[in-house]
Structure formats: structure tokens, C-alpha cells
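Heads up, the thing below is written out as C-alpha cells.
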Amino acid sequence: MNAPQTIYLKDYAPPTWLVDTVDLDIAINDGFALVSARLAMRRNPDAAAGALLLDGEDLHLESIRIDGRPLGADEYAYSGDKLTITSVPDDFVLETVVRIEPDKNTQLSGLYRSKDGYFTQCEAQGFRRITFYPDRPDVMARFTCTLHADKSRFPVLLSNGNPVAQGDEDGGRHWAKWQDPFAKPAYLFACVAAKLEVVEDTYVTTSGRRVRCAVYVEPGKLDQCAHALAALKLSMKWDEDVFGLEMDLEHYMIVAVGDFNMGAMENKGLNIFNTKFVLARPDTATDTDYQNIDRVVAHEYFHNWTGNRVTCRDWFQLSLKEGLTVFRDQNFGMDVHSAGVTRIQEVRTLRAAQYPEDAGPMAHPIRPASYAEINNFYTATVYEKGAEVIRMIHTLIGKDAFRKGMDLYFARHDGQAVTCEDFVAAMQDASGLNLDQFQRWYNQAGTPKLIVRSSYDAAGKRYTLDVEQQYPATPYEERMTAEGNGIARGPYYMPLVLGLLDAKGNELPLRLAGEERVQGTQCTLSIRKDKQRFVFADVDAEPVPSLLRGFSAPVVLDYPYSNDELTHLMAFDSDAVNRWEAAQRLATGILLKGIAAPSVPADTWIPESYVEAMRRLLASAFTADGDPALVAEALVLPAETYLAEQMEVVEPDAIHLARLALRQHLAQALREPLLKAYHDLKVDRPYSPDSEQAGKRALRNVCLSYLAELGDEASHALVLAHYEQAANMTDTMAALAALANLDVPARHSVLDAFYARWKGEALVVDKWLQVQSTSRLPNTGSDVRALMAHEAFDIRNPNKVYALVRAFCAANPKHFHAADGSGYKLAADVILQLDPLNPQVASRIARTFDRWKKFDPARQAKAREQLERIKAQVGLSSDVAEVVGKALD
Ligand code: TRP
Ligand code: ZN
């Protein structure tokens, strides 16, 4: 009953019918909207013959004409979300009028109602919920859109492109007509009819085009728009400087909406954003929020070229635009903030979110070969691993060839809907490097393991690295094979960037036999085979290898580092990522010992040398070239979910206790330097989200979070004083997060006061919910249940669900995996309640069950019970059915 239909990449066929122009007329009324569409269509000369099939979902057809002639009831059929017209000329105009109900659209796909008006979301398949259309990205058409609505309630009427006309109508209504000069797929269509306020600015492109940049927000929020607007102009400049890409429209609009399933959407000239990635004021947004705004604004802006001007042939190619655009926004982040810290944060998210995905039931390559529900494939794999794959091309061919490859890609494909192969071909042709083998990254799922072993020949002064890659099949490949669509797996082509350090911490000049790229003290090894050997000559003493610098490939690196070697790298490696990584490896090794010996006192498994290394790390922030932001990253212990992935059978309680014990041990041992750092790092200047100030705040707040572990009066007083003296939301949240973990009387009064102060600011209320749902205190599960009944919660608002429920499931493993199964039950209750309202969001919650088979049999039984319960639900969406079905397989 719930078996969703699988769609295969190999079944791709070009569209039978093309659309040249679309004229939409959308009249918004109370309780319904009338959508009249006029499509100029013609037979695709490059496709097989066939009837006219249009997509349409939840549409009520009022009238249908071809070339002005109304169709008889026997000339068309609408069922199963398809409108079929059996007989049409080769070239014709189709006119339809449909009635839709945006006020009842809780899925937030298509045209829907939010607090201040009406908004659209058409990616991936939302346009079919607005009108009948061949809703696939390889059908590109020129759009005009006329909107009609009540003038006083919905004074702002927007669509893609340029405003061409407007006027008033009877009954206090008005209309506006917009025209987009660029042909585009329907998923990039957008319109807005709402009561909004706007801030505007002008950007002049290198070639002299004046672009009006505008940010639209709900009334009263104009003082929270400045950062997003500045980020937009910075992004425009960056894309010109780095890739020579200019804005191509006169209007670039960002509209913020509080009800939105994802982060933001790159609709041509009319981006629609989750308010979370627009609104910021020092007292409402944290440094991280500010940085996320930069990145999301840049991401959506960069899509104008990588996604819109050149789009995807089909949804299997999603990573063509997403992986590349994430790669671009990452590099923007590295340029405008700290390169090292930005990269470290990237690596952390990749390993926290993408590696488990690649090891679980939903594993898929960055270009999947099949899917049941496309909305389930907006994943960490397609986005983050997709960006890593682009980064590897960049590393392998170098920056200049990469730029040439981008130029060639646009020269060849501007205005087209293309495939991932087309992108790789442009890179290959521009660089002259054969990338055939590299294509495996697009077809194989799973995180490869890179096993490196070293040996040193003192007599011959030779240092040898033996590199082996392993890439066992995932459930994805097993499924494909079972269906007869198996692929022959083989070794990946990837760059292994490395350096060698001597005993004093100096970088050795490298001399390597063969054709590898060597740049002084750093080289890029080309890994292509299952096993390879690399020999370095003239090495005077056995070095410490710094492997996979900059995280040069998305692999699990297996090298038997000793704790001394890791401490050495932590102190001396010139590569920021590897200094951080050494600290993570060191802590991971120690924690895994502590996890395996839960009843043994912590000081027996925590080596003194580790504490000293952390002491030196903290001190290094205060040296001339010290970077507090980087030190803050390295001081943070690996997350519980990361540690879980390193275990055969996950023991969530032992992980939690060991990590907590190590934090408490460090806090005791380093109390003095932590306190001193806490006081020395205080920023006295007026708030700015710049990386220097943010770095100091980050380290200071990490110190605070350690000091809060001391559990004495003085540390509680410190947390409370931090809360009271906080002059910005970054500091406020640092204190509140610490307090939320403390069982002290002030916890309740502060949480209550915080809510009373901020209950009118939705995004701040989300923080309030999340800080409680991620608390380690014993009652958190029941607190989350209670908060679901609180006036602050609304199951129809994705941000609220993500803050309260998803954060609980994904970022509070101790409670989500409670031995009594209460966490699983809570998740399942929410999924079942949410699925009929918003399957996309329900499905994202369902994904938190992904790793259930890694737990002990008792927990597995509890998780299975809930998964079976969800699966048995009548009328389950294809979104949740796919996720739960694959989890249970
Ligand atoms: N293309 C958007 C982005 O990454 C993603 C997106 C926004 C989306 N809203 C969505 C995807 C709704 C699926 C459904 O920039
Ligand atoms: Zn994107």
C-alpha cells in the first residue's frame, strides 16, 4: 500500500513537448486562488512521439482550451497527478484555469499562506501544485506572471525578472505584472503577495549594470536586514573577482518568510529565504547566525550561474548545481572569514552528517541512480560530499585550470540543462587531465577508507608510504545489484595532500620519485589504485607524516598515529585542519578507552600528556600568531554522535559519561588558565560579527562551557554573571546553553525570563526551544513533550519542529536513544502527526532513525517497534515511506 514507486536515471528520456513561453495570471482571493496559464507549446524535434502529459497535483480544473477551443470531457483525463491530452497539434497554445487552496497548503510546496501573505516554493516539484505543466528541469521557458490581490493586506506583489506594469482593480484590489527575460525551468519560478517592508541598495557590476538589491521582510524587522544586504553585495563582488561572473538582472530580491522547509531558494531574481538566514541584530543573532547568513546569501546568489543559467537536466543531477554551489559558498566563506576555521567547520559537518548517511540505509552516491521521492535527496551527500568532489577536481587540476574549466562550462552550456558528466568534461578539457576514473565519485556510494602505513629505512634515508584504499559496497549497491542494475566498483581517483615534519616540528623539503606534484614542503599524491607505494628520498630521520592536509579527500584516514605524534602535529603542523584533526584524533583515542571502561576512574584513562597538550593549545591562542577561533575549535571534544560512529555497537550512555568525565577533568586541571583566558578574551568594543571579535568570543565561550563543568558555586555564579552581562546573543546563548545543563534553581527563572523577553521574536524562541531540547538533564524527554504543548511551539512551522524535535533526535543522543525507548516513541509520534501536514519535514525527522542498527539488541527492538508503527500508517507519504522502508530493509 505504501510502496513508493522508484524512478531510475537510466530511464531518462528527453521531454516530448517543449514550452516556449508561459503567461501566468494568479488571482489571490480569500480561501482560494485562480491560476490561469497560457503555455505556448511545441513538439520536441529531438524526442519520441507521444501524447501530451502534464503534471498537476491538488489542482481543480476549471477550464481547458487548445488554440482557443474548449476541450470536451472526452478529450482529456486528469488522474494520478497527470493531465493527459490525447490529441494535440505539433504547435499550439494551451490555456488552463485551475483553482487552488493556498491557505490549506501545509506542505509549504507550491503556493502557500504564511503569516504576512502568500509565498511559493517550487523546487523540486512544487510548480505542478500551482498549474498544469511539464514539471521537469529540462523544460525551459520564458515566464510572465500577473498577480492580483487585496491591496491593503497584500501591498507587495513580486515575481521573477522585471516589473512591467501595475494598477488598481475594483474591490480594493491591485495587480502587478512581471516578466523574466531568461528562459528557466519551472522550479525557479516564484511569486509573492504579502505585506512586507523593504530595504534597498544598488550594486554596479564591472560592466556597469546597475542592480537594485532588495531585502523584503515582515513589518517591523527592517533593523534586522543590514547584514544580509551587505552579504549580497559582497557575494556579487566575489563572483566577479573569482569567477568573472556578473549579475544578469536589474532586480535582485530576497524575501524572508517564517514558514519554510529548507534554508533558502534561488528562484531567478527572487530568492525566498527562511527568516533564519536573513534576520540578524546583535541582540537576536549569534556570530554563527551571522556567518550562516553570509553563506546562505552567497549560496543562493551563486546559484544564479551554477544552477540557473546552467541548470540540471534531471533531478538525478542535483549535485551538479548543489555540490558546485556549496563549493563556491565554502570558498567565499574561506575568503571572507578565516580559511582554516571555515574548512574545519566544514569537515566537522561532513563527518557528523554525511559519513553516517553514507554508512546507513539511505546511502547514495552524489548522483543517485534511483529514488522514490526526490525531496529525500536534498542530502548531506548531494550537497556536502558533492562539494568535496568538486574540491578534489580543484586540487587535482589546480586553481587556474579550474577557472578555465568553469569558463569552458559556461561557454558550452549557458542556457542549457545538463549533466554532471558535462561539468567533468569541461574540467577535463580545460586541464588536459583525464578524469574518466574520477567519475566513480558520482556513481559509487560509501565513504572510502584510506589505509596508510609508513616505514623508514635509516641506512638509505628513505621514507616509504604504502597507501591502500577500501570501498566496500553499501546497501545502495546491494539494492542496485538485486534489481539487476549493479555497477562494477573500483578504486577512486583522489588527491592525498601531505607534508612531513621532523622532530623539531620543521617541515621537510620533499623529494619524491615519480611525476607527483611537489611544492617544496607539501605534495599532492595522485591516488588511483587499490594499493600504491610512494618513496621519499634524503629523509635524515623518521618524520611524522601530516596526511590528508586540508582534508583533501572525503575519506576515513587510517594511520596508526601514536599520542606523541598527534601532540607533535597539534603543536607544529603548518596545516590548520591537521592541527585540529590531531587534537580530535587524540581525544577520540582517549575517549574510546574511557568508553570501554565505564567504571574506571577518569584519571586512569586520561594521560597527563593530553592535559598538557590541551594546556599548550590554550596558551597558543595568546601568542603573536595565535588564532583564538582555531583554538576554540580544537578545544571542543569530538561530538557524541561522532564517537558513536567509531564504535561497533554504540553505547550512548557510556559515550556521554566518558565525554563528560573528560570535560570535567580538563576543567579541573586547567581551571586557572581557563579562567585567565576567559577574562583576557573579553571584547570591549561595540559588537561586530567580524572574524576577529567572533573568534575571541568563541574561545571565551568554550572556556566558559568548560568552567561550567566544575559544578561548584563559583562556576554557577560565573555562568549567571556571563548571562547577566552579555551584550549580544552570542554570549547570552553561551550562558543559556551552559545553564540548561545545570540543575540549579536559577535555570528555571532564567529560562522563563528569557522567554518573556523574547516571545515576540520567533527566531529567538527557536533558540530557547533548542537549548532545552539538547539539555543533558534527566527530564529532557518529558520537557520536550511539555514544550510541544507550549504556546511557543507550532508543529506547522518547520523551524519550530527542527529546533525542538529534530535537535532532540539528532543532537541529544543520550536522550533520543534512552534505553526505555521513550525518545524513539517521541520521534515516531511527531512523524505520524506531521506526515499528513508536511511530509518533507516529517521525512527529515524520520532520517534520525538511520543508524538504529548500530545499537544494542534491546534498543534495536524499541526502534524497530516505532519504525514498524510508522510504516503501518495508512496513507503514509512517499517521503516518509522511502526513509522508513529503507531503514527497515
Ligand atoms: N535549492 C535550494 C538550495 O539549496 C534548496 C531548497 C530550498 C529546497 N527549498 C527547498 C529543496 C524545498 C527541496 C524543497 O539552495
Ligand atoms: Zn543550493
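We count ligands from 1, going down the list as the structure has it; atoms in each ligand are counted the same way.
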Quiz item: Any idea which part of K321 is under 4.0 Å from ligand 1, heavy-atom wise: side chain, backbone, both or neither?
Solution: side chain
Exercise. Indicate, as side chain, backbone, both or neither, the part of A264 found under 4.0 angstrom from ligand 1 when only non-hydrogen atoms are considered.
Key: backbone
Quiz item: About how large, to 10 degrees, is the angle NE2 of H303, then the Zn ion (ligand 2), then NE2 of H299?
Solution: 100°
Exercise. Run the salt-bridge test on K221 and E761 with the 4.0 Å N-O cut-off and return the result as yes or no.
Key: yes
Self-check item: Test: K385 and D358 ion pair at under 4.0 Å
Solution: yes
Quiz item: Mind checking what makes ring-ring contact (aromatic ring centres under 6.0 Å, His included) contact with Y112, not counting sequence neighbours?
Solution: none
Self-check item: Positive for side chain to side chain contact (heavy atoms under 4.5 Å, CB included) with T306, one of L320, D239, T325, L245
Solution: T325
Using distance alone, decide if ligand 1 has a nitrogen or oxygen within less than 3.5 Å of any nitrogen or oxygen in [X].
X	result
Q840	no
E266	yes
N375	no
E300	yes

In ligand 1, which numbered atoms sit nearer than 4.0 Å to a non-hydrogen atom of [X]?
X	answer
H299	3 (C), 4 (O), 15 (O)
H303	15 (O)
M265	1 (N), 2 (C), 7 (C)

Quiz item: Taking the six-membered ring of F189, is NZ or CZ of K184 closer than 6.0 Å to its centre and within 45° of its axis?
Solution: no
Quiz prompt | Minimum-distance atom from the Zn ion (ligand 2) among N, O or S atoms of E322 | solution = OE1
Distance to 0.1 Å, residue and atom name: give those for the protein heavy atom nearest to [atom].
atom	answer
atom 1 (N) of ligand 1	E123 OE1, 2.5 Å
atom 5 (C) of ligand 1	Y383 OH, 3.3 Å
atom 9 (N) of ligand 1	Q121 NE2, 3.3 Å
atom 8 (C) of ligand 1	M262 CG, 3.5 Å

Quiz item: Would you say the side chains of N838 and R796 form a donor-acceptor pair under 3.5 Å?
Solution: no
Quiz item: Strictly by modelled atom types, are E882 and Y371 linked by a side-chain donor-acceptor pair under 3.5 Å?
Solution: no
Practice problem: May I ask you to check whether H394 and F402 place their ring centers less than 6.0 Å from one another? | Solution: yes
Quiz item: Below 6.0 angstrom between ring centroids: does that apply to F302 and F332?
Solution: yes
Practice problem: Can you spot which of Y187, Y12, Y8 makes a ring-ring contact (aromatic ring centres under 6.0 Å, His included) with W315? | Solution: Y187
